[in-house]
Amino acid sequence: MNPALLGLIWAAIFAVPVSLLSQVRLYVRRRTRTAPRQMSWKGTVWRLAGSFVLLFTIDSLGFYFGRPMMTFGGLVPLILVNLILMVITATVFTRGRLNAGSGAAVLAAVTFGTIWIVGHNGGHNAYLASHLVSVTVAPADQMPASSTDHMVIVSPDIATTKASQAMATGVAGQRNYSTYLQLGPATLQYVDGRMWYVFPLEFDGAGNKARLHAIEPGYIMVSAEDPNAIPVEHYDGLYSMVVSLGGGQGSEPDRWAYSHGYSGYLLNDPTLEINDQGLPYYTVTLLSPRLGWTFFAPVGVLVIDAHTGQITRYALGDVPSWVDRVYSQQVAMTIANWYGEYSQAGFQGVGSSNANRFRVSGEPVMVYTGAGNPVWRMLLTSYNSDNSVSKIVEMNAATGAMTIYTPQRPMGIEGPVVQAFDNASGTGATLVKADHYQAVDLTLHVIYGHLTWMATYEPEGSNPSFVGIGFVDAYEATANNVVFGNSKSAALQSYLAQLATEGTANGTTPEQGGQYQTVTGKIADLGWDITGGQKYWYITLAGQPGRAYVGTVSSVGPALVLAQAGDQVTIRILNVGAQEPTETMQSFTDARVPLNAPGS
């Protein structure tokens, strides 16, 4: 229903009876009694008109911006606001004289206030509150390994810069879209086998919306895995959108759903998601109270065709596989906090303590493990002022299923880890601080069998750009253990070398998680460059266009320096991702130059 019409109805429900009742004066019996002054009907009409206009304004804005659930529990707050306003108006218009209208409004406000308090504090159970989703407590810290093919190494700021460049120089630039459209918020998601940031193009003002007939042309995708990939642009046809976050006038996904039969829910996290065919949809999660009137959690999902506006509702568990975010970042954090607060302690009351209570440190981070949908990873720390991790929570962003892991050694939270990255001095990282690189976008992975922090590096004080990534063992997160590489493969190679100096962790060898591969062929071309003070040699093999092998003399031996085009060579690599254009050499032998590798 239209918010203005709802506001009209609600204003009438409250303003009319209270205004009429305020015509009836109440008085307290006194020894010297004076007859109450009769109120004129003209005054009553003015009071009704003023109250009606006030409530109509408040209620219309409340229904438009607040979109309360159209249930009794969802409407109680608005009922209380209306009653309080009527107490005030009835008192003001009658100049403080006691009357039936203000008295009735006060009694109703007390009644509904009591109902609200009871509804929000009754029927709660600590165990149920901490287990609103499926919870599995895993042994120790044996988390699933991250997919190194799909690690997010492009930060949101870098992605925004690349999308802005596409607006200026890509197809969008050729169409001058930047003069009347702007980038919408980016959504990180898994689309057709890769991680992407997706940016809708939104109207830059109401005039430009009219110019485009309220239809947004499409969206821009920026690879979250490859900082060198060219943004992908999709416009017109089935890529155009009549439902959009920046559309306004009821075309926003949550307002669209609210006005199309779903006003009985809290509509959470309208998110642009692209299916594997590249078509745009908006997902909206339906939230409903799960315990009493509180503990809102997902009960269903709406998938809205952004091109047509058609809405399809799905039950939890029946959502299409390409939908990543049934549980938003905020909902994931809220549910994890409920688990941390109530799984090992009851509801807090007078005299209760924070013992055995935990809360999320930082924000949930999306990670892809190769097992279906991406997951939210979160750290739980105690309510005390400490810097250590008590639990690691992994929540499937599509199903909400949580798995709880326990670190087996002391492990710091994000703050100290970022400081270690900013002062990195491990393998390949000697110039990180000198070159004024800063670590951003911290994520937790399992790589080579080790709990591992990863960060993307950007130059300080300039437009965000990719200069490399760093890794550090989560149990050994000090500056001298942080490694750096100007590409994912180089950083993984540096990390493998660093782990070799640290011994084993979690009972596994550093090499676990990687697959060695031997490649033979003739050198097609070779060259070198210097990065971070280190000389790197690059080799391409005949019959393998678009693929290069990189190594250093210190790691694979002096045969690199003497190699020539046409030489028959054997290269051993650690295969860390089919999407990588370069592979790091673990060993290198040249049949023409039979020199020993270092350490052999």
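Small disclaimer: the values here were computed from a predicted structure and weren't measured.
At least one side-chain heavy atom of Val446 sits under 4.5 Å from a side-chain heavy atom of Leu451. In this structure, Leu379 and Val360 have side chains that are not in contact, with every pair of non-hydrogen atoms separated by 4.5 Å or more. Contact annotation: the side chain of Val135 approaches that of Tyr339 to within less than 4.5 Å [non-hydrogen atoms, C-beta and beyond]. Side chains of Leu181 and Leu212 form a contact here, defined as non-hydrogen atoms less than 4.5 Å apart. Proximity of His131 to Val133: side-chain heavy atoms (C-beta onward) are nowhere separated by under 4.5 Å. Side chains of Leu287 and Val299 form no contact here, defined as non-hydrogen atoms less than 4.5 Å apart. Between Ile447 and Leu492 the shortest side-chain heavy-atom distance falls below 4.5 Å. Side chains of Val243 and Ser251 form no contact here, defined as non-hydrogen atoms less than 4.5 Å apart.
Listed here is the closest heavy atom pair of His445 and Ser146: ND1-OG, 2.8 Å. For the residue pair Val417 and Gly412, the shortest heavy atom distance occurs at CG2-O, 4.0 Å. Scanning both residues, Leu272 and Tyr219, for their nearest heavy atoms gives CD2-CB, 4.5 Å. In plain terms, the two heavy atoms of Leu279 and Tyr281 that are nearest each other are O-CD1, 3.5 Å. Minimum interatomic distance between Arg194 and Ser223 (heavy atoms only, all atoms of both residues): NH2-OG, 3.9 Å. Closest of all the heavy-atom pairs between Pro298 and Arg290 is O-NH1, 3.5 Å.
Lys162 places no side-chain N or O within donor-acceptor distance of the main-chain N or O of Asp157, the cut-off being under 3.5 Å. In this structure a side-chain-to-backbone donor-acceptor pair under 3.5 Å is missing from Ser60 to Thr57. The backbone N or O of Asn176 lies less than 3.5 Å from a partner atom in the side chain of Thr179, making a donor-acceptor pair. Of the possible donor and acceptor atoms, none in the side chain of Ser343 sits under 3.5 Å from a partner among the backbone N and O of Gly340.
Shown here are the ring pair (Phe, Tyr, Trp, His ring centres under 6.0 Å) partners of Tyr235, two or more places apart in sequence or in another chain: Tyr177.
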Residues Val284, Ile304; criterion side-chain contact (heavy atoms from CB on, under 4.5 Å); working and verdict: CA-CA 8 Å; Val284 178; Ile304 305 173; 4.1 Å; yes
For Thr308 and Val242, run side-chain contact (heavy atoms from CB on, under 4.5 Å): C-alpha distance rounded to whole Å, both residues' side-chain angles, the deciding distance at 0.1 Å, then the answer. CA-CA 7 Å; Thr308 65; Val242 297; 5.9 Å; no
Yes or no on side-chain hydrogen bond (donor to acceptor under 3.5 Å, both in side chains) for Glu414 and Ser361, after CA distance, side-chain angles and deciding distance? CA-CA 8 Å; Glu414 298 92 337; Ser361 171; 2.7 Å; yes
Working for ring pair (Phe, Tyr, Trp, His ring centres under 6.0 Å), residues Phe295 and Trp338: CA-CA 9 Å; Phe295 293 93; Trp338 289 339; 4.7 Å; yes
Going through the distances and angles, do Asp236 and Arg175 end up as a salt bridge (charged side-chain N to carboxylate O under 4.0 Å, His left out)? CA-CA 12 Å; Asp236 304 332; Arg175 299 183 180 185; 2.8 Å; yes
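The line from CG of Asn82 to CG of Leu54 is 9.0 Å long, rounded to the nearest 0.5 Å. Atoms CG and CE, on Asp226 and Met195 in that order, are 14.5 Å from each other to the nearest 0.5 Å. Separation of atoms CG (Leu132) and CG (Leu291) is listed at 5.5 Å; rounding is to 0.5 Å. A distance of 11.0 Å separates NZ of Lys209 from CD1 of Ile215, quoted to the nearest 0.5 Å.
Ring to ring, Phe56 and Trp10 are not that close: their centroids are 6.0 angstrom or more apart.
Counted within 6.0 Å of CD on Gln344, heavy atoms from surrounding residues, nucleotides or ligands total more than 12; the atom is thus considered enclosed. For Leu61, the CG atom is densely surrounded, since the number of other residues' heavy atoms within 6.0 Å is greater than 12.
Note on residues 326-337: pairs passing side chain to side chain donor-acceptor pair (under 3.5 Å), not counting sequence neighbours, are Asn268-Ser328, Gln330-Thr334.
Side chain to side chain, Ser155 and Glu458 meet the donor-acceptor criterion of an N or O pair below 3.5 Å. Judged purely by distance below 3.5 Å, without hydrogens or angles, the side chains of Thr403 and Glu394 never pair a donor atom with an acceptor atom. Checking Tyr190 against Tyr368 by side-chain atom types alone, a donor-acceptor pair falls below 3.5 Å.
The pair Arg211-Asp204 does not count as a salt bridge, with every side-chain nitrogen at least 4.0 angstrom from each carboxylate oxygen.
At least one cation-pi condition fails for Arg313 and Tyr262: the charged atom is not both under 6.0 angstrom from the six-membered ring centre and inside a 45 degree cone around its axis.
Ring geometry for Tyr197 versus Phe199: interplanar angle of 30 to 60°, hence tilted.
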